[in-house]
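Structure first, then comments.
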There are 2 protein chains.
Amino acid sequence: MTVSRALRAPDTVSEDTRERIRDAIEKTGYIPNRLAGNLSSRHSDVIGLIVPSLRNSLFAETIQAIADNLGKAGFHVLIAESGHSLEVEETLVLAFLSQQVSGIILHNTAHTPRIRAILTKADIPVIETGDLTRDPIDIVVSYSNFEAAKAMTHHLHRRGYRRIAFVSLATETNDRMRQRRSGYLAALEELDLKQDRQLILETPEGLSGGRDALVRLLDLKKRPDAIFCAGDVLAVGAALECQRRNLRLPEDVAIASFDDLDILDHLVPRITALRLPRREIGLFSASILLQRILKLGGGVIAKDLGFDIIQREST
Amino acid sequence: MTVSRALRAPDTVSEDTRERIRDAIEKTGYIPNRLAGNLSSRHSDVIGLIVPSLRNSLFAETIQAIADNLGKAGFHVLIAESGHSLEVEETLVLAFLSQQVSGIILHNTAHTPRIRAILTKADIPVIETGDLTRDPIDIVVSYSNFEAAKAMTHHLHRRGYRRIAFVSLATETNDRMRQRRSGYLAALEELDLKQDRQLILETPEGLSGGRDALVRLLDLKKRPDAIFCAGDVLAVGAALECQRRNLRLPEDVAIASFDDLDILDHLVPRITALRLPRREIGLFSASILLQRILKLGGGVIAKDLGFDIIQREST
DNA sequence: GCTTTGAATGATATCGATAACATCTATTAA
DNA sequence: TTAATAGATGTTATCGATATCATTCAAAGC
């Protein structure tokens, strides 16, 4: 008991004992068993984090911010990958709850009804970060995919483009993509541009996905004058293919990206993009989570961290 | 007790009881407490994984392979980031051991003496994956950074280059970078090329790092005819800067990369690179780990998964 | 008919730390 | 001098699952 105290609340133990304990720990190589500790104290120092994919380096910044911040407070982050599957997500959430995590962060905002029910009942903070959803399970910290896509479409319109194509990843399993497409469509509506089915594409992820989408769009009889690549590295793939074909950006075709990857600023010409608060999302999520866990109140339910349009030479 | 059995070994429980238990679980929303389970059974289903950085998408593939494979076997992966600091690594390893992980995977091969000692005594499998180190703590699954860098340098020599520059990230905190540099130097030696201090550079990570290194090398009175970028996205940064300056690859300068990032195959011209068995490392590590944990023997200590040189137009 | 066997289920102690309460000692107040 | 108080340490029960041993009961074998 005294050892337990010496480790968790050193001031409640005398200087002398503390030293003896320190020596003994050194000598025996004692490492506390936190499973037992957590079981006994009924709360763990582990936070569960589920992302759709780790390959996508975009999440890395958010993850890093979360892990850094929680780490400072003595928490650990259990990261898992759902692979964009709601069933896998369900399995993972259950596994996390089994591990008695004291908080869960999900990038997804679409969930199975079962998970919604379970998480609502679970007495731990749950944060969703992928989109500014209207009905969060508990807390949502994000930007609005809908508004961001809409804003970029308006921006392209202001720059003079009238046939704006929209390229996304598969919307079937990705609610964020659906939101972005809705934002794009809403903007067209507001601008009295009529939507052209041929200009709305889905493509596999990766550079090849972006390249293929570009090729398909260039093959159209009525080519677009601007292409809004709303996911992952699609814009990079498209831009590099333009380079290969000696198309001039933005004269022959304009390209804009949803995410501001480093490389967009290094290409020639540099690519217009949305800057999303990836890091801020991580920081804010971590601090809200801590507030909740440590019962410091904190009744925030929805936090909109906004976005910026970064105009560059490609549009 | 019967419930516990029904969940872990259903065949030892009668059809009837099993069904009643299933109903009860459904009705009450019971979620087993795996902390208690692990404490009692004295082994956990969690594996600890420490990587230097998550931002570097290179690790993503290895991580994914590990998590996928261990996930299938019912294990979970606790991922943490050391930020290239040995002290942080030490803290993380201790935290993992406290969590009673049943295995640890480290990307680093350089460790504090304390960690080496603790991990050697710890009665769990420890896998190192970053380099084919000579004295693994327990198991090492990797390719040889030394041999890979040496092979690429030889390859450049065979292609006719004689002033080969070597660009890496900071070697101070990164043992893999040191190994690569040693490999490069060993090749020079074997080739009777004399080493030129001006051609050996360290640069910060990221595209700008690569760009800056290129600029510094081009500013030399005696320019290199080939540049071997041995880390992260340095080669991409360098290649893009060449593009901006209208330098022809490989006529004006050749560029080779240590890692085969997707984008290297999409640039014009495409960049020569080493293909490293990132995914295979993950797969192999996971299966060795499982073998060890499940006591299926498996005495492998060092596994060299090799590498390939992919010759493209940039050299 | 009685023992044997095995499948199914139950009872108990335990994993290692901690919450809650108890005890002890030295110091201060009355 | 005695009671009160606070600081330090010790005791006990507990968290929830599981290893282990015990029990029950029905079918099978002699």
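Every chain is numbered from 1, with letters handed out A, B, ... down the list of sequences. Keep in mind that the numbers below use all heavy atoms, side chains included, and drop hydrogens, waters and symmetry copies. Remember, predicted model here, so these are calculated numbers, not experimental data.
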Determine: side-chain N/O of B:Thr12 to OP1/OP2 of C:dA7, distance under 4.0 Å, yes or no.
no
Donor-acceptor pair (no angle test) under 3.5 Å: A:Arg34 side chain, C:dG16 base
no
Taking only the side-chain heavy atoms of B:Met1 (C-beta and beyond), determine which of D:dT20, C:dA17, D:dT9 contains the nearest atom.
D:dT20
Please classify the nucleic acid contact of A:Val13 as base, sugar-phosphate, or nothing, using heavy-atom distances under 4.0 Å.
sugar-phosphate
5' priority, DNA chain C, between B:Arg42 and B:Ser14 [closest heavy atom]:
B:Ser14
Proximity to the side chain of B:Tyr30 - top-ranked nucleotide from C:dT18, D:dA17, C:dG16
D:dA17
Considering only side-chain heavy atoms of B:Asn33, which listed nucleotide, D:dC15, D:dA17, C:dA19, is closest?
D:dA17
Quick one: which of D:dT9, C:dA19, D:dT18 gets closest to the side chain of A:Ser41?
C:dA19
Against the side chain of B:Ser4, the closest entry in D:dT9, D:dA17, C:dA19 is D:dA17
Side chain of A:Arg8 - closest among C:dT18, C:dA17, D:dA17:
C:dT18
Can you check whether any acceptor in the base of D:dG10 is under 3.5 Å from a donor in the side chain of A:Arg5, or vice versa?
yes
D:dT9 phosphate, OP1 or OP2, under 4.0 Å from A:Thr17 side-chain N/O
yes
Does a side-chain N-to-carboxylate-O contact under 4.0 Å join A:Asp135 and A:Arg116?
yes
